[in-house]
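A, B, ... follow the sequence lines: proteins, then strands. Residue 1 opens every chain.
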Amino acid sequence: MPELPEVETVKRGLAPVLEGRRIVQAEALRPDLRFPLPNRLGQRLTGRVVSHVKRRAKFLLIGLDDGATLISHLGMSGRFRIFKKAPPALEKHDHVIFRTDQGAEVRYNDPRRFGFMDIADAGALINHPMLNSIGPEPLSDNFDAKVLAQALKDRQAPIKTALLDQSVIAGLGNIYVSEVLFRAGISPKRKAASVIGLRASKLYNAIVDVLNQAISAGGSSISDHRQPSGELGYFQHSFGVYGREGEACPGCNCNISKTGGVRRIQQSGRSTFYCTKQQR
DNA sequence: CGGCAAACCTGCGAGC
DNA sequence: TGCTCGCAGGTTTGCC
C-alpha cells in the first residue's frame, strides 16, 4: 500500500491518538514480520509515553520518552487502524497491538508481512541501517531541482529506476513515479543522467505537486490502503496513467488504436505506465 | 559500485 | 465451483 503520501496519511492519523499518550499495553502477536520483531517488543513499549510521531521516507518514527524510537515500515500491505473505544475482535493478520492510557487501541495489520518494525535506542536512529542511506525528503526545504539533478547525474539507469531508488530521493514508489513522470512529460526510459535543466525543474515541480495533492486526498486506496480512521484515500481517482493501460492518455487524448494511449511496460521487474506521445 | 532477477508472503481477479 | 496464473503500493540479497 504505502508510498510517501500514504505513510504521511498514516502518520497524521496516528499522531493525535499517540502523541503525549502513555502506552499502557503493547503486544506482538507473532515473532516476526519480514524480519524478526525486536525482542520483548511489548515490554519495551509498555509504560512509555510517545513524544512524537514522524515520517522519514516511507518509515514511521514513533519517538518514546526514554529517547528510543520505534521504527515502522508498512511494506506492501501494512496498515494501522485506530479504535478509540470498544475494539472489535482481532482480525486475520493483526500482528501488533498498542493500547493507550485514553483507552484507544492501535493495531498493525499486514497480510503479506513485508513490513517491519525495529527499535532504535536513544542516539542510534541516525545510524540505523534502514535509514542511514536514504536520500532527501522531496517536500523539505533543502530539496530543489538542483539537488534532484545532482542526485541523478551519474546514473545510467532509466529515470524510472533511479526515482524508485530511495537513496536518490525518499518516499517515491511505483505508483507515484509513473504519475510524476507523466506530469513532467518525461519518458520513464530516459537515462536518469540526461534529466537536467528545464526537464529537471519540471520533474521537481511534478514531484512536489503530485505528492502534495496525494497527501491532501488521504493517499491512494487501490486495495489495501486505509487511513487509520478506516476512511479510504481518494487520490487514485486522479491517476493520469497508473493502472490505465489501454485507455486514452488524459494529457494529449491520443487514442488507443495503434500508436497512442497509455502503455504498460516492465522496468526492473515492475510495471511502468506512460504515454509514448507525451513523455519524451 | 551499478544494475538486474529473485526472494520474501498472502490475496484477488481473470481465464479456463 | 475450483484450479492455475499473473499481478500487487517495497526492500534486501545475491549474482554478474
Between [X] ([atom1]) and [N] ([atom2]), how many Å, whole number?
X         : N       : atom1 : atom2 : answer
Glu6(A)   : dA8(C)  : CD    : C1'   : 14 Å
Leu172(A) : dG10(C) : CG    : P     : 10 Å
Ile175(A) : dC7(C)  : CD1   : P     : 17 Å
Leu164(A) : dC4(B)  : CG    : P     : 12 Å
Asp165(A) : dC4(B)  : CG    : P     : 12 Å
Ile134(A) : dG10(C) : CD1   : P     : 13 Å
Tyr176(A) : dG9(C)  : OH    : P     : 12 Å
Leu131(A) : dG10(C) : CG    : P     : 17 Å

Does the ring of Phe114(A) lie flat against the base of dC9(B), closer than 5.5 Å centre to centre with planes under 30°?
no
By nearest-heavy-atom nucleotide on DNA chain C, the more 5' of Tyr242(A) and Met130(A) is Tyr242(A)
Identify the nucleotide, in any strand shown, that forms a Watson-Crick or G-U wobble pair with dG2(C), with both distances under 3.5 Å; if there is none, say none.
dC16(B)
Applying a 3.5 Å limit to both distances, which nucleotide forms a Watson-Crick or G-U wobble pair with dC15(C)?
dG3(B)
If you compare every side-chain N and O of [X] against the phosphate oxygens of [N] (OP1, OP2), does one of them come in below 4.0 Å?
X         : N       : result
His93(A)  : dG11(B) : yes
Arg34(A)  : dT12(C) : no
Arg112(A) : dG11(B) : no
Lys58(A)  : dG9(C)  : no
Ser271(A) : dA8(C)  : yes
His73(A)  : dT11(C) : yes
Lys92(A)  : dG11(B) : yes
Arg155(A) : dC1(B)  : no

If each of Arg113(A) and Gln156(A) is mapped to the nucleotide of DNA chain B with the nearest heavy atom, which maps nearer the 5' terminus, i.e. the 5' end?
Gln156(A)
With Val177(A), which of Asn174(A), Ile175(A), Leu181(A), Val180(A) fulfils side chain to side chain contact (heavy atoms under 4.5 Å, CB included)?
Leu181(A)
Whole-angstrom distance between dA6(B) and dG6(C), as gauged at atom P:
13 Å
Separation between the P atoms of dC9(B) and dC3(C), rounded to whole Å:
23 Å
Is it the case that the side chains of Ser271(A) and Gln266(A) hold a donor-acceptor pair, with the cut-off being a distance below 3.5 Å and no angle test?
yes
Hey, does the side chain of Gln279(A) reach the backbone of Cys275(A) with a donor-acceptor pair shorter than 3.5 angstrom?
yes
Counting only N and O atoms by type, is there a donor-acceptor contact under 3.5 Å from the side chain of Asp154(A) to the main-chain atoms of Ala193(A)?
no
Taking the basic N atoms (NZ, or NE/NH1/NH2) and the acidic carboxylate oxygens, is any pair closer than 4.0 Å for Asp110(A) and Arg30(A)?
no
Aromatic plane relationship, Tyr204(A) with Phe143(A) - under 30° parallel, 30 to 60° tilted, over 60° perpendicular:
tilted
